[in-house]
Amino acid sequence: MSSIIFESLSGIARITFNRPDKLNSFNREMALEMQDVLKQCQSDETRCVVITGMGKAFSAGQDLAEVVDPQGPGMARILSEHYNPIILAIRDLRKPVVAAVNGVAAGAGANIALCCDIVVAARSASFIQAFSKIGLIPDSGGTFFLPRLVGHQKASALMMMGDKITSEEAERLGMIYKYYDDESFAAEVDKITSTLASMPTVGLAHTKKALQWSQTHTLIEQLQNEDKLQQRAATSEDFKEGVQAFLEKRVPVFKGK
C-alpha cells in the first residue's frame with residue numbers, strides 16, 4: 001500500500017499521508033513518494049494543492065525506528081534527501097498549498113504544515129515542536145517559519161518547552177489561518193480549495209513569490225520586487241478576464257493562465 005495517496009480532480013491535487021498505524025510518521029519511502037507527487041502538482045491542470053493525513057493524525061514527524069536503524073539512511077541524509085527537498089518543493093510550487101491538519105502535527109509533521117501557504121486545522125488537532133523531547137533541534141524549516149508566524153519569544157518557548165498547542169491556541173497566535181469543528185472540517189477544507197482552484201492562479205503564484213521575497217529584502221527592494229511581479233501579473237490572461245468581467249459586471253472565469 002502506498003504511503004502517499006495522490007488524487008487530482010477539478011484542478012485540486014490532494015495529497016494524503018497514508019501510514020495511519022504509525023500516525024503518518026515519515027520514513028524514506030514516504031518522503032521520496034511525497035517529493036514525487038509534489039512534482040506532479042507542477043502540471044498546468046493543478047490550480048490548488050491540499051495536504052492532509054489519513055486517520056487520526058496529520059503527521060507525527062519522523063519515524064524514529066528508521067533513525068536508530070543501523071541500516072537506515074542516517075540523520076544527514078534524512079534532512080538533506082527527505083525533508084529539505086519537501087519544504088523547498090512546497091515553497092517553490094507555483095500554486096497555493098493548503099495544509100488541512102486533521103489531527104496531531106508533531107516535529108517535522110508540524111513544520112511541513114507550517115510551511116504551507118494556508119494552514120487550517122480541525123478543532124481536535126494539535127501542534128507540537130517535539131524535537132527538544134529527544135535532544136534535537138527543530139528542522140524542516142521550523143526555525144525559519146515559526147518565529148515569523150508567532151514571534152521570537154513565543155517560538156523559542158514552544159521549541160524549548162515542547163508544549164502541545166491546540167488548534168484554538170494556534171489560531172489565536174497567528175500560527176494557522178483558522179480552525180473548524182471536526183464535523184465540518186472536511187467541508188470547510190473543500191470550500192477553501194474549491195475557491196482557490198477557481199481563482200487567478202498566476203496572480204496567486206506571484207503573491208506567494210512576493211511574500212517569500214519579503215522575508216529577506218528591504219522595503220525599497222521589495223517595492224521593486226512588487227513592481228516586477230505586478231508587471232508580469234498584468235500580462236496574464238486571468239488579469240484580462242478579471243478586468244473585463246468587472247467592466248461587464250459579471251463573475252470572472254479564470255483559467256489559471
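Residue numbers start at 1 and run along the sequence shown.
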Ignoring hydrogens, what is the shortest heavy-atom contact between [X] and [Y]? Give both atom names and the distance.
{"X": "Cys115", "Y": "Phe145", "value": "CB-CE1, 3.4 Å"}
{"X": "Gly55", "Y": "Pro20", "value": "CA-CB, 4.4 Å"}
{"X": "Pro73", "Y": "Arg28", "value": "CB-NH1, 4.4 Å"}
{"X": "Phe58", "Y": "Ala113", "value": "CE2-CB, 3.8 Å"}
{"X": "Leu38", "Y": "Ala89", "value": "CD1-CB, 3.8 Å"}
{"X": "Asp238", "Y": "Thr201", "value": "OD2-N, 3.5 Å"}

- [ ] Only one of Met54, Arg19, Met30, Gln35 passes side chain to side chain contact (heavy atoms under 4.5 Å, CB included) with Ile4; say which it is.
- [x]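 Output: one option passes, namely Met30.
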Verify, without hydrogens or angle tests, whether [X] (side chain) and [Y] (backbone) share a donor-acceptor contact under 3.5 angstrom.
{"X": "Asp181", "Y": "Glu183", "answer": "no"}
{"X": "Lys208", "Y": "Lys95", "answer": "yes"}
{"X": "Asp182", "Y": "Ala122", "answer": "no"}
{"X": "Gln62", "Y": "Gly107", "answer": "no"}
{"X": "Glu237", "Y": "Lys257", "answer": "no"}
{"X": "Asn24", "Y": "Ala57", "answer": "yes"}
{"X": "Ser132", "Y": "Met159", "answer": "yes"}
{"X": "Thr46", "Y": "Cys48", "answer": "no"}
{"X": "Ser156", "Y": "Gln153", "answer": "no"}
{"X": "Glu221", "Y": "Thr218", "answer": "yes"}

Within one Ile-Leu-Val-Met-Phe-Trp-Tyr cluster: [X] and [Y], side-chain cutoff 4.5 Å:
{"X": "Val50", "Y": "Tyr180", "result": "yes"}
{"X": "Phe185", "Y": "Val119", "result": "no"}
{"X": "Met160", "Y": "Leu146", "result": "no"}
{"X": "Ile90", "Y": "Phe144", "result": "yes"}
{"X": "Val97", "Y": "Val120", "result": "no"}

Atom pair [atom1] ([X]) and [atom2] ([Y]), whose distance is rounded to the nearest 0.5 Å:
{"X": "Asn27", "Y": "Asp63", "atom1": "CG", "atom2": "CG", "result": "6.0 Å"}
{"X": "Met199", "Y": "Thr207", "atom1": "CE", "atom2": "OG1", "result": "8.5 Å"}
{"X": "Tyr83", "Y": "Leu88", "atom1": "OH", "atom2": "CG", "result": "15.0 Å"}
{"X": "Arg91", "Y": "Asp117", "atom1": "CZ", "atom2": "CG", "result": "4.5 Å"}
{"X": "Lys209", "Y": "Leu204", "atom1": "NZ", "atom2": "CG", "result": "14.5 Å"}
{"X": "Trp213", "Y": "His206", "atom1": "CH2", "atom2": "NE2", "result": "9.0 Å"}

Within a 6.0 Å radius of atom [atom1] on [X], are there more than 12 heavy atoms belonging to other residues, nucleotides or ligands?
{"X": "Leu211", "atom1": "CG", "answer": "yes"}
{"X": "Asp44", "atom1": "CG", "answer": "no"}
{"X": "Tyr177", "atom1": "OH", "answer": "no"}
{"X": "Gln230", "atom1": "CD", "answer": "no"}
{"X": "Leu247", "atom1": "CG", "answer": "yes"}

Residue pair [X] / [Y], side-chain heavy-atom distance below 4.5 Å:
{"X": "Phe26", "Y": "His82", "result": "no"}
{"X": "Cys41", "Y": "Leu93", "result": "yes"}
{"X": "Glu33", "Y": "Ser2", "result": "yes"}
{"X": "Phe127", "Y": "Leu158", "result": "no"}
{"X": "Val189", "Y": "Thr52", "result": "no"}
{"X": "Ile51", "Y": "Met34", "result": "yes"}
{"X": "His217", "Y": "Gln224", "result": "no"}
{"X": "Asp139", "Y": "Ile78", "result": "no"}

- [ ] Could you list the residues that satisfy salt bridge (charged side-chain N to carboxylate O under 4.0 Å, His left out) with Lys191, not counting sequence neighbours?
- [x]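 Scan of Lys191 (salt bridge (charged side-chain N to carboxylate O under 4.0 Å, His left out), adjacent residues dropped) gives Glu188.
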TODO: Determine, stepwise, if the pair Gln244 / Lys240 fulfils side chain to side chain contact (heavy atoms under 4.5 Å, CB included).
DONE: CA-CA 6 Å; Gln244 194 64 32; Lys240 296 173 184 176; over 6 Å; no
TODO: Decide, yes or no, whether a salt bridge links Lys178 with Glu171 under the criterion of side-chain N to carboxylate O below 4.0 Å.
DONE: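 No, this pair does not count.
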Open item on the list: My understanding is that only one of Asp163, Asn111, Thr143 makes a side-chain hydrogen bond (donor to acceptor under 3.5 Å, both in side chains) with Gln129; could you say which?
Closed with: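 Testing Gln129 for a side-chain hydrogen bond (donor to acceptor under 3.5 Å, both in side chains) against Asp163, Asn111, Thr143 leaves exactly one candidate, Asn111.
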TODO: Would you tell me whether Gln222 and Asn225 have side-chain atoms, one donor and one acceptor, within less than 3.5 Å of each other?
DONE: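 Indeed, the side chains of Gln222 and Asn225 share at least one donor-acceptor pair under 3.5 Å.
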- [ ] Evaluate the criterion side chain to side chain contact (heavy atoms under 4.5 Å, CB included) for residue pair Val101 and Tyr179; output intermediate values, then yes/no.
- [x] CA-CA 9 Å; Val101 182; Tyr179 74 91; over 6 Å; no
